[in-house]
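As a basis for the values below, the full set of heavy atoms in this structure was taken, side chains included, without hydrogen atoms, waters or symmetry mates.
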Amino acid sequence: MEAARTVATDLSTAANTTVLRTVASSASSIIGAAAAAVAEAQPSASTSSSSSYLLLELPFRQLLRLQPPPAFIAGTRRMAAQLDFTTTVAIVGFIFVFCLYLIHIIALSYSKYRLHHKVKPNSSLPGVSVIKPIVGTDKSLYQNIESFFTTDYHKFELLFCFHSEDDEAVDVVKSLMKKYPDVDAKLFFKGENVGLNPKINNMMPAYRAAQYPLILVSDSGIFMRSDGVLDMATTMMSHEKMALVTQVPYCKDRSSFDAAFEQLYFGTSHGRIYLAGNCMDFVCSTGMSSMMKKQALDECGGIAHFGGYLAEDYFFGRELANRGYKSAISTHPALQNSSSVSVSSFLDRICRWVKLRIAMLPHIILVEPLQVRQYNSRCIKLKNFQDCFPSGLIMSYSLNYLFGFSVLPTLILHTIYWISMDYSLMTSMQNGNLSFSTAQFVVIWLLRELSAPFVFIKALLEPTIRWRNNVFHLAWGGQILPPKC
């Protein structure tokens, strides 16, 4: 019996050591990325933005100079004396949330360094085939489509894809083709059946007809800056192994509360992970505005190869990365500009994304309430615990157990840090003042953070994915299951 106890103790100690080494390794990577991001961002900071960097400089410089408080030393000695399971969990929780704080710093620093640069025209850049799958119309469609007709690029074509010639958006596109007769624009109808993904099927004729080496897939709800295509093409040709360039998802300024809710999500929670992931050279790809080299895609089997998957943008990025290609973000964010957005419809959209993550990577069910995201087994692209209150509770109870700190003050300080960094990041994404007041920001931010757990619960209770007029059932791994007869 004593021998069995000894073995069990040894196994527990080994497990604790393994967990701590893993967390320490991850923390080291994130800390290194944070330091690099701050170093890159600092030279480009202007005098007017110096106040934004105050929050960045203090953690690194003062943390190195301050002596550990007595409570910290006492807690460290207690942990060293007896590292039981509960202590191990508390340590992991503390390190884990501390890394989240660094992810905030990485994202904000990288946004200052990478976003909103002027791009010079370059006639040596290759031509771009813009593929725009369209289903239905709204009040902003004309404005969005026209932004591509007026793009400032020397060589491009517009390829519009429709499921049916009766689509209301066809007349919108035809009117713009008549207004801009010098722009090379074509219409494609009915698609080509290569799988169960309707978007891939819809784009297939345009993909086959594309005459230029760069393919830009752009959703109908995207408003493109006049230099947006130039920006993406310049980034694409910056490295010979670059094969995927995306725009950081964001939103065009609109006046409604619902639009502000959507914009805040992409300017904080989503933008944080997208920027931090790209800073650490991980593959983070979304299909709403993405440019790819056609040659590299053809090596993967073309877009038809991804017709069996619903999240084709994720699989584009994964397959290209597996073949040794690089990816990057352009300097200008993608400006979503739908006039039909509402809080409820947007939460349904987020719920659909959660369902997709669970279907593609079912093991994240255990950690999805903390927003964990892992992209593939070859390389952990980013583990994203991005909700304020779950991570705040983890840090509060970890510090309470380890050092006796009060839970409520810790949670308050955690929330202040989180919302301050989110506000700083969104103003950086915006490249200026927000289109709504600070008070409105706080209200919408609280609504978004508090709604996250309910979105996850809904995704678990209703695993069926509804997208436009289609219903999908996914197998583990993300492949679309054929409809049941």
T246 vs Y274, test: side-chain hydrogen bond (donor to acceptor under 3.5 Å, both in side chains). Steps then yes/no. CA-CA 10 Å; T246 62; Y274 210 88; 2.6 Å; yes
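- A salt bridge is defined here as a Lys NZ or Arg NE, NH1 or NH2 lying under 4.0 Å from an Asp or Glu carboxylate O, and R254 with E262 meets this definition.
- For the residue pair D313 / T286, no side-chain donor-acceptor distance below 3.5 Å is found, with atom types taken as modelled.
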May I have the list of side-chain donor-acceptor pairs in residues 296-307 shorter than 3.5 Å, sequence neighbours left out?
residue : atom : partner : partner atom : Å
D298    : OD1  : Y207    : OH           : 2.6
E299    : OE1  : Y325    : OH           : 2.8
E299    : OE2  : Y325    : OH           : 2.8

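- A donor atom on one side chain and an acceptor atom on the other are found under 3.5 Å apart for D253 and Q430.
- D348 and K458 are joined by a salt bridge, as a carboxylate oxygen and a charged side-chain nitrogen come within less than 4.0 angstrom of each other.
- In this structure, the separation between OG on S285 and CD on E312 is 9.5 Å, given to the nearest 0.5 Å.
- Nearest heavy atom pair, residue M429 against residue H116, reads O-NE2, 2.8 Å.
- Figure legend: K294 and Y212 shown without cation-pi pairing, the cationic atom not lying both under 6.0 angstrom from the six-membered ring centre and within 45 degrees of its axis.
- Here the straight-line distance linking atom CD1 of I200 with atom CE of M203 works out to 4.0 Å at 0.5 Å rounding.
- For the residue pair S218 and K132, a side-chain donor N or O sits within less than 3.5 Å of a side-chain acceptor on the partner.
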Let me have the donor-acceptor pairs involving side chains of residues 155-164, under 3.5 Å, with sequence neighbours excluded, atom names and distances please.
residue : atom : partner : partner atom : Å
E157    : OE1  : Q211    : NE2          : 3.0
E157    : OE2  : S129    : OG           : 2.5
E157    : OE2  : Q211    : N            : 2.9
S164    : OG   : D166    : N            : 3.0

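- With rounding to the nearest 0.5 Å, the separation of CD1 in I145 from OG1 in T150 is 11.0 Å.
- Between the side chains of T235 and S238, no donor-acceptor pair is found at a separation under 3.5 Å.
- Outside the 6.0 Å centre-distance limit, the rings of F389 and H414 are not counted as a close aromatic pair.
- Side-chain contact annotation: S124 with N122, donor-acceptor N/O pair under 3.5 Å present.
- Taking both residues in full, the closest heavy atoms of V172 and T137 are given as CG2-OG1, 4.2 Å, listed atom of the first, atom of the second, then distance.
- Under the 4.0 Å criterion applied to side-chain N and carboxylate O atoms, D231 and K118 are not assigned as salt-bridge partners.
- Inspection of the N337 and Q143 side chains reveals an N or O donor paired with an N or O acceptor under 3.5 Å.
- The two residues L125 and H154 make their nearest non-hydrogen contact at O-NE2, 2.8 Å.
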